[in-house]
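A short worksheet on the structure shown next.
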Amino acid sequence: MDYNAYRLIHFAGLMLVFLGFGSLLFHGKGKGERSPKAAMILHGIGLLVMLTGGFGMLARLNESLPDESKNPNYVWAKVGIWVVLGLLPVLHRKAKLPGAVTCLIAIALAGAAAYTAIHKSFFGLL
């Protein structure tokens, strides 16, 4: 597959992740009510789709890079952001992280991931 197809897959996964977040955060919290199972399923599927698309893009990008640039360090920052995005629903449910804080963290992480992807650097650190 070509780079743009993997990018489309990556973005579709991102949309699923945030659709799961929205469903989880804005679900009514009645007495003894659990977070919707569908929200967690959407979130997990989105993470898997996003990971597949991201590594597919990396494989296509590495084909066009010179040999000394085959291991871009910014990828580790993106993987770290992906892990934290995966843990946010658990932190929200188990650690009782407020929904507004969870939402702000998710938005900040998405912005950091976008910056990292565009500039191929994690704010000049990697």
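Worth knowing before you read on, the calculation uses all heavy atoms, side chains too, and leaves out hydrogens, waters and symmetry mates. The structure displayed is predicted, hence computed values, not measured ones.
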*Would Ile105 end up clustered with Val83 when hydrophobic side chains under 4.5 Å apart are linked, directly or stepwise?*
yes
*asked:* Could you measure the distance from the CG atom of Leu97 to the OG1 atom of Thr102? Nearest 0.5 Å is fine.
replied: 3.5 Å
*Do the side chains of Leu19 and Leu8 join up, straight or via other hydrophobic residues, at under 4.5 Å, putting them in one cluster?*
no
_Contact between Arg93 and Leu24 at the side-chain level, heavy atoms closer than 4.5 Å - yes or no?_
yes
Could you list the donor-acceptor pairs under 3.5 angstrom formed by side chains in residues 39-59, with sequence neighbours left out?
{"residue": "His43", "atom": "NE2", "partner": "Leu85", "partner atom": "O", "Å": "3.1"}
{"residue": "Thr52", "atom": "OG1", "partner": "Leu48", "partner atom": "O", "Å": "2.9"}

*What distance separates Phe21 CZ from Ile107 CD1, expressed to the nearest 0.5 Å?*
10.0 Å
*Could you state whether Val90 and Leu104 fall into the same hydrophobic cluster, counting links through intermediate Ile, Leu, Val, Met, Phe, Trp or Tyr residues with side-chain heavy atoms under 4.5 angstrom apart?*
no
*Could I get the full list of side chain to side chain donor-acceptor pair (under 3.5 Å) partners for Asp2, not counting sequence neighbours?*
none
*Nearest 0.5 Å, what's the CZ-SG distance between Phe18 and Cys103?*
8.0 Å
_By the side-chain hydrogen bond (donor to acceptor under 3.5 Å, both in side chains) test, which pairs, at least two apart or in different chains, include something from residues 4-13?_
Asn4-Arg7
_Minimum heavy-atom separation for Pro89 and Gly86, please, with both atom names._
CD-O, 3.5 Å
